**Q** 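What follows is a single structure, and I will ask about it in a moment.
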2 protein chains.
Amino acid sequence: MKNIIIKFYPDKKEITVKRSTSLLDSARRAGVKLESLCGGEGICGKCKVVIEKGTRNLSKLTNVEKSKLSDKEISRGYRLACCSLANGNLTVRVPEESRGGTQRVLIEGVETFFEIDPVVEKIFLKLPKPSLQNQKSDFERLGDCLKEEHGLGEISIPLSVMKQLPSILRKSNWETTVTIWGEKKIIRVEPRETLARNYGIALDIGTTTVVGYLVDLNTGKLLEASSILNPQVKYGEDVMTRITFAIQDPDGLKKLNESIIWGVNGIVRDVCSKAHVKSEEISELTVVGNTAMHHLFLGLCPKYLGLSPFTPVIQNPVDIEARNLGIDVNPVANVHILPVIACFVGADNVGVILATQINESSKPVLAIDIGTNGEIALGNRDSITACSCAAGPALEGTHIKFGMRATEGAIEKVKIDPSNLEVKYSTIGDAKARGLCGSGIVDAVAELFKAGVILRNGRINLKIEDPHLRTTKEGNEFILARGNETATGEEIKITQKDIREVQLAKAAIYAGASILMERHGVGIREIDSLLLAGAFGSSIDKWSAKVIGLYPDVPLDRVKTVGNAAGAGAKQALISSKKRMDAEIIAKNVHYLELTIAPEFKDEFISAMYFPHSDINRFPSMRKLYEKLPIWSEILKS
Amino acid sequence: MKNIIIKFYPDKKEITVKRSTSLLDSARRAGVKLESLCGGEGICGKCKVVIEKGTRNLSKLTNVEKSKLSDKEISRGYRLACCSLANGNLTVRVPEESRGGTQRVLIEGVETFFEIDPVVEKIFLKLPKPSLQNQKSDFERLGDCLKEEHGLGEISIPLSVMKQLPSILRKSNWETTVTIWGEKKIIRVEPRETLARNYGIALDIGTTTVVGYLVDLNTGKLLEASSILNPQVKYGEDVMTRITFAIQDPDGLKKLNESIIWGVNGIVRDVCSKAHVKSEEISELTVVGNTAMHHLFLGLCPKYLGLSPFTPVIQNPVDIEARNLGIDVNPVANVHILPVIACFVGADNVGVILATQINESSKPVLAIDIGTNGEIALGNRDSITACSCAAGPALEGTHIKFGMRATEGAIEKVKIDPSNLEVKYSTIGDAKARGLCGSGIVDAVAELFKAGVILRNGRINLKIEDPHLRTTKEGNEFILARGNETATGEEIKITQKDIREVQLAKAAIYAGASILMERHGVGIREIDSLLLAGAFGSSIDKWSAKVIGLYPDVPLDRVKTVGNAAGAGAKQALISSKKRMDAEIIAKNVHYLELTIAPEFKDEFISAMYFPHSDINRFPSMRKLYEKLPIWSEILKS
């Protein structure tokens with residue numbers, strides 16, 4: 001029989017095949033990357049190729065191809081590789097769109113490139129039917145087919161899925177789609193072909209905010225997101241009060257665990273219903289959170305997180321079936337909780353490092369994840385150190401009189417004219433103002449400082465007389481929005497107490513970052529990039545943040561806001577097995593610095609309470625600004 | 001509410017109960033021994049009591065009682081304790097027949113030598129204490145110690161066990177005993193050193209009888225055994241009726257599954273309490289049973305077991321956490337269900353082959369496992385073939401008018417003097433006779449045959465006139481024990497119908513064994529050993545069994561009774577990793593012969609209905625015996 005030569009471009013690979021070999025098989029044997037989700041069944045329509053030479057040497061255009069290719073494509077010589085059999089020599093081009101593999105995933109600021117390679121995959125199978133000559137059991141029938149046609153080794157199946165096998169296989173005439181976790185466990189069996197429906201959820205469990213992302217596991221695309229206030233706040237606003245509650249209330253741990261699971265189930269329902277996905281179609285979840293949130297989510301006693309010598313119950317990543325956590329998705333779907341670094345540097349920080357790729361950078365990168373607990377990492381591919389500081393929830397909009405989360409009506413940008421203290425602001429959704437979100441708070445404080453309304457030590461300057469300023473029995477305040485401008489009819493104000501909260505938060509973060517740099521021997525000029533992360537970080541004005549001294553004086557063009565990088569890390573671990581392994585390596589290798597026992601911390605913290613710092617030399621780039629400001633005289637005095 | 005006093009005789013125990021408490025519950029609380037196979041469901045009719053005083057203070061006679069008690073019993077004051085509720089003071093006598101008795105379980109007929117090497121092991125650890133210099137998590141601390149000191153690799157821990165870690169480690173000053181399954185999963189963590197307490201249970205789930213063995217995993221020693229009537233009997237007495245029930249009743253599968261799990265939990269409680277072991281100390285279970293029992297135990301649909309082309313849901317061994325089956329032991333203890341060979345040759349047969357070591361023998365071995373389903377295997381280390389035949393429950397004592405399980409008072413040996421038909425018998429525990437167990441039935445039929453009372457075709461010889469023989473409207477019968485000798489005061493008889501049941505059972509078994517030998521080309525002289533297994537097989541008289549033609553005429557010195565070999569196989573798989581692997585190999589390699597489609601089966605079966613067979617040449621060794629017997633003239637005639 002005559003052999004046939006097929007050339008593939010742009011790979012420039014060539015292979016000799018027998019007559020009637022499909023182009024898909026030829027490409028595979030030639031080692032040419034060609035996407036095919038359905039394994040050559042003419043279902044997915046992904047294996048498009050363009051015939052450059054030898055069109056006549058191909059089998060006829062099939063009905064399947066007519067249905068999967070547009071008229072335009074057909075006229076350009078497109079074919080489906082699985083449907084096209086070679087009868088003579090051919091030259092074939094694999095277009096970009098069919099090459100599968102590396103996809104660009106843009107996740108809120110951090111651009112990373114990696115291959116979509118989820119731990120969960122779906123495989124469509126046509127099983128041989130049983131007969132008196134082939135009395136194999138249903139499970140061995142399936143397992144043998146996975147072995148022979150897909151090269152999978154020993155595979156397991158949970159009892160609950162095994163129970164469904166006999167009826168599903170028989171009612172679908174032995175055509176089935178199996179969902180496989182980690183190449184070793186069948187977690188779902190569906191009748192017929194359902195390859196396109198493959199979903200997962202990434203969760204970022206913050207002390208204050210919980211965010212969930214529904215992701216298409218085939219494409220890596222974000223389909224829906226949803227965020228809620230962590231329902232545990234009713235038991236305590238910060239990590240330490242929740243740990244105390246877990247220890248002191250006899251059912252404390254149970255209540256905290258049940259409340260976060262309840263919250264997560266709400267997010268699952270919400271994203272699924274928005275995307276018309278059934279919750280049982282969710283095949284995996286990945287989870288990040290600080291170590292306390294991690295423990296409470298798993299129902300692990302957090303007692304020893306808060307007691308010296310500070311030991312978590314587990315640092316390794318945890319894989320656990322959803323049913324064992326009470327999460328309402330496919331009961332045997334895996335829930336992967338990313339590893340933690342230490343008691344106060346959790347899986348969320350691992351997520352930040354993963355998403356910001358500090359571990360791959362040649363130069364020093366400083367990542368600051370701003371949340372109720374601020375987590376800071378500094379390093380490069382050789383070495384990374386991380387620490388944690390109690391920033392409090394002010395920058396997330398809590399503990400601020402008119403603070404709110406970044407939802408419709410939140411003031412997110414503020415400008416104040418120093419000459420007359422006139423306020424201009426913009427709100428999310430251009431709605432009537434309802435309060436201030438984190439970025440608005442930072443803007444407002446920075447602008448008030450620049451206008452001289454706030455002094456370097458944080459006090460409102462009582463010498464200024466202006467209708468925006470008012471003294472009540474609760475203290476001094478500045479009116480940002482008049483009642484007639486707001487959704488509620490009430491004025492929106494910044495109080496002296498609010499400013500104090502911002503000072504505490506920014507001082508903690510600055511001190512942590514500063515000590516890390518000092519310990520690493522890295523100055524502000526050596527930092528290659530400074531990344532501001534956190535749900536809050538995405539909208540923060542990096543200039544305003546520098547004005548108040550939230551972070552060390554790294555040149556502004558090296559400062560990037562990267563949004564919820566912890567969540568982005570969770571998403572990456574969801575869609576890439578490699579990233580998931582990277583996370584484990586990160587957790588093992590990151591050094592942890594315990595700030596509370598660092599002798600320099602107290603001084604650093606107190607000095608950083610000033611705007612921007614008690615020592616103006618720490619902020620050389622600000623000198624020019626300050627010299628123009630009324631505040632300059634105050635600096636000269638000190 | 002008025003309390004009620006119930007006195008029990010002959011125990012002379014007294015208890016105060018609330019109105020409407022059943023007599024069964026009252027007896028249990030008073031510590032009075034009262035048999036109940038069905039657990040108070042009104043099914044077994046075993047919990048008979050006699051009301052001596054206060055009949056008016058009892059609930060009305062129920063329909064269940066009317067069906068289970070004879071008119072004579074009712075007139076004597078008999079009631080079923082489970083159906084009778086106390087409404088006032090009572091005096092109750094528990095008659096001899098209801099006192100239950102210690103079940104005799106004989107297993108070790110097969111002596112085998114192998115290393116005790118259970119899949120579960122306990123390890124005692126002294127962990128380094130945490131410090132600010134060693135902030136490892138609790139789990140990594142444990143894992144590293146297992147790695148460094150015991151060479152174990154990556155190890156997992158279920159969440160429920162992880163939750164206990166922090167407090168156990170701290171309260172035991174970091175000295176702990178961990179129980180590890182398969183060198184890879186921590187299934188229990190206990191404070192301090194508990195190495196000696198390491199337990200498992202082997203289960204043999206028969207269609208009629210379920211047996212559990214509590215085993216010390218350190219020594220391999222049997223600590224306790226317990227057996228019950230399979231609670232599924234209320235849904236059908238044999239495999240096919242249960243499969244039908246599972247399909248036709250909307251909750252059929254659920255009911256069957258729940259009832260066997262309920263039964264197993266009863267066995268677990270029983271063996272544990274007898275051995276003073278806590279149920280959570282049970283670290284593993286192994287399970288054998290025929291394929292239908294296997295499916296029902298796992299809750300798998302048995303529908304296609306009974307439909308051509310006869311495919312099970314799974315053949316491989318199954319490992320599953322006890323909590324996922326509802327078995328009340330350590331929730332994450334593994335339950336290992338041995339593999340099955342085919343729809344009608346199950347894990348029990350794998351157990352028999354394992355225990356009898358056919359797979360290691362150089363010469364042909366024939367193993368006959370006698371149960372409701374008789375399973376027969378023939379072969380050696382090169383090749384084994386197995387088949388299954390529907391023997392019915394007669395040889396287990398069911399479907400026999402005075403049949404009973406092998407408990408106290410069961411007639412187990414019978415001798416009949418041919419000259420005067422005088423009967424001599426012995427009972428288990430030398431108690432007053434209460435009925436016949438399987439070995440007694442076989443003895444009785446063999447002796448009656450030798451005495452000429454039973455003809456070759458199974459009919460009772462009506463020409464004989466003797467007071468032991470009687471004709472009633474229900475047919476002919478032979479009186480084995482007079483009323484004055486028995487526990488109940490009633491006569492114990494063998495009826496014509498009983499003999500028919502024995503004929504059906506023995507014909508099925510003989511035919512199966514005979515066809516296997518024919519197919520293998522092995523004659524009766526080539527069989528190296530013939531092993532009679534089954535709970536029943538332990539006490540059977542092998543000579544009596546040969547007289548009735550239960551098995552091919554293999555020389556008697558090569559015939560061994562090996563007791564419950566299926567259960568012995570389950571025990572071996574419990575205490576030896578190697579044996580567990582052997583079982584998997586056995587299941588993969590044994591050939592299955594489908595008797596129902598074997599063309600020769602019908603003729604073989606019909607010929608084997610005769611005593612010992614229609615063709616006396618099949619039993620050459622019997623000729624000498626027969627020549628001395630009155631039956632010889634009958635043989636000469638045929």
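Computed from heavy atoms alone, side chains included, the values below leave out hydrogens, waters and symmetry copies. Keep in mind the model is a prediction, meaning the values are calculated, not measured. Below, chain A is the first sequence line, B the second, and so on; all start at residue 1.
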**Q** Let me confirm one number: the CG-CD1 distance from Leu159(A) to Ile314(B), rounded to the nearest 0.5 Å.
**A**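 Atom-to-atom, Leu159(A):CG and Ile314(B):CD1 are 9.0 Å apart.
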**Q** Side chain, backbone, both or neither: which part of Ser131(A) has a non-hydrogen atom closer than 4.5 Å to chain B?
**A** backbone
**Q** For Pro309(A), does its backbone N or O pair with a side-chain atom of Gln135(B) as donor and acceptor, under 3.5 Å?
**A** yes
**Q** Count the heavy atoms of every other residue, nucleotide or ligand shown that sit under 6.0 Å from NZ of Lys163(A), and state whether that count exceeds 12.
**A** yes
**Q** I want to check something: taking the side chain as every heavy atom from C-beta on, are Asn316(B) and Glu154(A) in contact at a cut-off of under 4.5 Å?
**A** no
**Q** Look at Leu298(B), Leu325(B), Asp319(B), Ile320(B) and state which one has the largest set of heavy-atom pairs under 4.5 Å with chain A.
**A**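 Max contact count across the listed options: Leu298(B).
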**Q** If you count heavy-atom pairs under 4.5 Å with chain A, which of Gln164(B), Met162(B), Glu594(B) comes out on top?
**A** Met162(B)
**Q** Side chain, backbone, both or neither: which part of Phe310(B) has a non-hydrogen atom closer than 4.5 Å to chain A?
**A** both
**Q** Checking Thr311(A) against Asn134(B) for the side-chain contact (heavy atoms from CB on, under 4.5 Å) test, could you report, in this order, the C-alpha distance in whole Å, the side-chain angles of both residues, the deciding distance, and whether it holds?
**A** CA-CA 9 Å; Thr311(A) 47; Asn134(B) 177 350; over 6 Å; no
**Q** Would you say NZ of Lys303(A) has more than 12 non-hydrogen atoms from neighbouring residues, nucleotides or ligands within 6.0 angstrom?
**A**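 No, NZ of Lys303(A) has 12 or fewer neighbouring heavy atoms, counting only those of other groups under 6.0 Å.
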**Q** How many angstroms lie between CG in Leu300(B) and CZ in Phe139(A), if you round to the nearest 0.5 Å?
**A**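 Spacing of CG (Leu300(B)) from CZ (Phe139(A)) equals 11.5 Å.
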**Q** Just wondering, are more than 12 heavy atoms of other shown residues or ligands nearer than 6.0 Å to CD in Glu600(A)?
**A** yes
**Q** Between atom CG of Leu307(A) and atom CZ of Arg170(B), what is the distance when rounded to the nearest 0.5 Å?
**A**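 Interatomic distance, Leu307(A) CG to Arg170(B) CZ, rounded to 0.5 Å: 8.5 Å.
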**Q** Please indicate whether Glu190(A) has more than 12 foreign heavy atoms, meaning atoms of other residues, nucleotides or ligands, lying under 6.0 Å from its CD.
**A** yes
**Q** Sort out for me which of Gly143(A), Gly299(A), Cys301(A) touches chain B most, counting heavy-atom pairs under 4.5 Å.
**A**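 Maximum pair count with chain B is reached by Gly299(A).
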